[in-house]
Amino acid sequence: MKKKAEWPRKLRSQEWYGGTSRDVIYHRGWMKNQGYPHDLFDGRPVIGILNTWSDMTPCNGHLRELAEKVKAGIWEAGGFPMEVPVFSASENTFRPTAMMYRNLAALSIEETIRGQPMDGCVLMVGCDKTTPSLLMAAASVDLPSIVVTGGPMLNGYFRGERVGSGTHLWKFSEMVKAGEMTQAEFLEAEASMSRSSGTCNTMGTASTMASMAEALGMALSGNAAIPGVDSRRKVMAQLTGRRIVQMVKDDLKPSDIMTKQAFENAIRTNAAIGGSTNAVIHLLAMAGRVGIDLTLDDWDRCGRDVPTIVNLMPSGKYLMEEFFYAGGLPVVLKRLGEAGLLHKDALTVSGETVWDEVKDVVNWNEDVILPAEKALTQSGGIVVVRGNLAPKGAVLKPSAATPSLLVHRGRAVVFEDIDDYKAKINDDNLDIDETCVMVMKNCGPKGYPGMAEVGNMGLPPKVLKKGITDMVRISDARMSGTAYGTVVLHTSPEAAVGGPLAVVKNGDMIELDVPNRRLHLDISDEELAQRLAEWKPHHELPTSGYAWLHQQHVEGADTGADLDFLKGCRGNAVGKDSH
């Protein structure tokens with residue numbers, strides 16, 4: 001257990017606010033124009049509430065109201081709260097993809113923390129990229145920090161059927177293409193998909209990353225699953241505000257919590273909940289910021305033998321609301337601990353170990369959080385496959401895949417990029433059937449650019465009309481955590497940098513063997529080498545702005561797709577005063 005720091009002591013905010021020098025009076029005096037009494041600058045913890053609220057980030061649209069509860073908790077604990085708006089990348093609205101801006105958000109928020117008089121931070125997050133970007137930033141600066149998420153939406157219902165965010169969008173869209181649903185019915189269903197404030201109500205990326213924050217120990221126990229409109233979400237926000245003040249006094253920092261053991265706990269948790277493949281990229285990037293050596297091999301090693309016990313869409317049938325009522329993530333962590341799959345002594349933001357937090361919780365619904373013997377799949381987690389088509393690895397989510405397709409050999413039908421796919425997929429003359437392997441190129445970190453969620457390519461109508469709902473699909477793209485199917489993602493190296501994916505041709509045979517972790521292009525080594533030698537990039541390169549910076553410096557998906565100059569370099573949290 002980490003030894004608590006002495007209290008009282010001089011905090012970093014006093015570099016701005018403590019004393020009588022001209023510089024201090026400059027900083028402190030301007031703050032007083034908001035009506036703050038002089039005694040608030042007496043050395044008490046100054047807490048930055050980093051709020052990703054935005055009208056254009058609908059998942060986080062209620063965070064301003066939630067921030068008031070955080071402030072209340074900070075005041076109650078003797079701190080000084082200051083709310084700060086920060087970069088908010090919405091998966092719903094950002095083009096070309098929010099993933100392109102995760103690193104920009106992390107960089108800007110890191111400097112927001114470093115350059116201002118904060119002693120600790122509350123990270124107010126929700127939508128997919130806001131959680132990893134704020135955790136990456138907090139890890140880089142390494143000031144006491146704690147996560148509070150906005151919580152998931154309430155269940156959607158359409159004609160008596162549960163409607164899961166994203167999951168049913170993909171399902172209904174395919175039904176329209178197959179002639180099983182009219183466009184008018186699809187539009188009617190739209191109204192039922194998002195019926196309250198909050199993030200996706202499936203185990204999509206937002207819910208997954210909320211779970212990852214809790215499993216890492218960076219959020220209070222029980223935070224991940226409380227619905228966004230439940231009064232207990234406000235209570236959690238207020239308790240988080242109280243807790244961050246004590247964390248500052250104790251000097252409990254991200255580097256104390258985000259250890260290798262904590263990341264292994266998170267990987268196993270992701271397997272148990274049937275979490276998003278996007279967690280792979282985000283946790284790799286977060287670990288890089290802390291300086292933890294985390295690799296794809298750790299994902300395969302830690303997740304391989306963990307059963308998926310959370311019966312939620314897209315892998316199962318329930319939604320986050322039922323998950324909360326069943327006991328939420330603490331029940332999952334307890335199950336992992338009982339199975340010997342949890343580092344029980346990992347420290348959390350509460351100051352207690354993860355096991356102390358969860359050992360006494362109760363599972364209130366064993367159809368939502370299943371016994372291990374009734375798991376959705378006995379070998380959950382994220383599978384990492386390698387071979388001559390993916391020398392640095394590719395990932396697949398077995399709990400959302402069709403078991404019969406996990407060992408498959410088929411003819412490649414190639415799309416050079418997402419535009420090529422869109423132009424061809426609905427053509428009845430496309431030479432494709434359900435035995436084929438759909439291959440899409442140039443959708444990775446550099447290629448799209450930004451690595452959009454387009455990997456779960458919809459099937460061609462001519463196949464859907466046969467009643468087929470899944471095919472093997474391979475790309476260097478990502479897919480939404482709300483999506484499903486036998487989809488191989490994050491193929492590395494990506495096509496845009498000349499990875500083997502770039503030289504796959506129509507008619508090539510491809511073998512997928514998930515049990516043996518193999519992804520193979522059935523051509524000779526000599527033929528592959530010749531194709532690679534003849535390959536030339538053909539995608540358009542950005543020439544200015546952040547897109548250029550991203551293109552020049554983004555790393556591959558296999559290491560987290562962070563910017564190469566930001567990894568493993570926690571810097572001095574106190575900037576120099578220029579006044």
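One-based numbering along the sequence shown.
For Y546, the ring pair (Phe, Tyr, Trp, His ring centres under 6.0 Å) partners two or more places apart in sequence, or in a different chain, are Y101, H550. Listed by chain and residue number, nothing satisfies the side chain to side chain donor-acceptor pair (under 3.5 Å) test with T167 (two or more places apart in sequence, or in another chain). Residues passing the ring pair (Phe, Tyr, Trp, His ring centres under 6.0 Å) test with H282, sequence neighbours excluded: none. Residues satisfying the ring pair (Phe, Tyr, Trp, His ring centres under 6.0 Å) criterion with H553, sequence neighbours excluded, are F565. The side chain to side chain donor-acceptor pair (under 3.5 Å) check on R195 picks up nothing, with sequence neighbours excluded. For D419, there are no side chain to side chain donor-acceptor pair (under 3.5 Å) partners, not counting sequence neighbours. Remark: N92 pairs with S90 by the side chain to side chain donor-acceptor pair (under 3.5 Å) rule, at least two apart or across chains.
Annotation: the span from M209 atom CE to N270 atom CG amounts to 8.5 Å, rounded to 0.5 Å. The CG atom of L169 sits 10.0 Å away from atom CD of E174, with the distance rounded to the nearest 0.5 Å. Put simply, CG on L107 and CG on D562 are 9.5 Å apart, with the number rounded to the nearest 0.5 Å. Rounding to the nearest 0.5 Å gives a distance of 15.0 Å between CD of E190 and NE2 of H168. With rounding to the nearest 0.5 Å, the separation of CZ in R301 from CD in E264 is 4.5 Å. Note that the CG atom of D417 and the OH atom of Y448 stand 9.5 Å from one another [nearest 0.5 Å].
Proximity of a side-chain donor or acceptor of E494 to a complementary backbone N or O of G447 within less than 3.5 Å is detected. N60 places a side-chain N or O within 3.5 Å of a backbone atom of C127 that can act as its donor or acceptor partner. Using modelled atom types, one side-chain atom of T93 and one backbone atom of M56 make a donor-acceptor pair closer than 3.5 Å. With hydrogens and angles ignored, the 3.5 Å screen pairs a side-chain donor or acceptor of N388 with a backbone N or O of L521. A donor-acceptor pair under 3.5 Å is formed between the side chain of R478 and the backbone N or O of M451. Judged by distance alone, with hydrogens and angles left aside, the side-chain atoms of D476 form a donor-acceptor pair with the main-chain N or O of A495 at under 3.5 Å. The backbone N or O of A390 sits nowhere less than 3.5 Å from a side-chain atom of T491 that would complete a donor-acceptor pair. For E434 (side chain) and I468 (main-chain N/O), no donor-acceptor pair under 3.5 Å exists by modelled atom type. In terms of modelled atom types and a separation under 3.5 Å, the side chain of T308 and the main chain of I273 share no donor-acceptor contact. Within the 3.5 Å criterion, the main-chain N or O of G274 finds a donor-acceptor partner in the side chain of K397.
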**OP:** For T112 and F87, run side-chain contact (heavy atoms from CB on, under 4.5 Å): C-alpha distance rounded to whole Å, both residues' side-chain angles, the deciding distance at 0.1 Å, then the answer.
**Re:** CA-CA 10 Å; T112 295; F87 195 114; over 6 Å; no
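Listed by first and then second residue, the salt bridge (charged side-chain N to carboxylate O under 4.0 Å, His left out) pairs that reach into residues 435-452 are E416-K441, sequence neighbours excluded. Note on residues 397-431: pairs passing ring-ring contact (aromatic ring centres under 6.0 Å, His included), not counting sequence neighbours, are F415-Y421. Screening residues 398-410 for salt bridge (charged side-chain N to carboxylate O under 4.0 Å, His left out), with sequence neighbours left out, gives R409-D522. Sorted by first and then second residue, the salt bridge (charged side-chain N to carboxylate O under 4.0 Å, His left out) pairs with a member in residues 151-168 read R159-E185, R159-E188, E161-K171, R162-E322; sequence neighbours excluded.
Each of D427, D428, D420 was checked for a salt bridge (charged side-chain N to carboxylate O under 4.0 Å, His left out) with K424, and the lone residue meeting it is D420. Among I474, V472, I432, the single residue meeting the side-chain contact (heavy atoms from CB on, under 4.5 Å) criterion with M438 is I432.
Side-chain contact between P493 and P500 is present, with at least one heavy-atom pair separated by less than 4.5 Å. Counting heavy atoms from C-beta outward, V383 and V395 have side chains that stay 4.5 Å or more apart. With contacts defined as side-chain heavy-atom distances shorter than 4.5 Å, the pair M136/N103 qualifies.
The two residues S133 and I109 have their closest heavy-atom pair at OG-CD1, 4.5 Å. The two residues A213 and V147 come nearest to each other via the heavy atoms CB-CG1, 4.1 Å. Nearest approach of A225 to F324, heavy atoms of both residues: O-CB, 3.3 Å. For the residue pair A138 and L123, the shortest heavy atom distance occurs at CB-CD1, 3.9 Å. What you find for A206 and T199 is that their closest heavy atoms are CB-CB, 3.6 Å. Scanning all heavy atoms of the two residues, the minimum distance from A279 to M212 falls at CB-CG, 4.4 Å.
Enclosure of atom NZ in K466 by more than 12 non-hydrogen atoms of other residues, nucleotides or ligands within 6.0 angstrom is indicated. For K392, the NZ atom is loosely surrounded, since the number of other residues' heavy atoms within 6.0 Å does not exceed 12. The neighbour count for M509 CE, taken as heavy atoms of other residues, nucleotides or ligands under 6.0 Å away, is above 12.
At a cut-off of 3.5 Å, with distance as the only test, a side-chain donor of N223 or T149 sits close to an acceptor on the other residue.
Remark: D508 engages R531 in a salt bridge, criterion side-chain N to carboxylate O under 4.0 Å.
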Show the atom names and distances, to 0.1 Å, of all donor-acceptor pairs under 3.5 Å that link a side chain in residues 399-406 to residues at least two apart or in another chain.
unit_1 : atom_1 : unit_2 : atom_2 : d
S399   : OG     : S315   : OG     : 2.9
T402   : OG1    : D470   : OD2    : 2.5

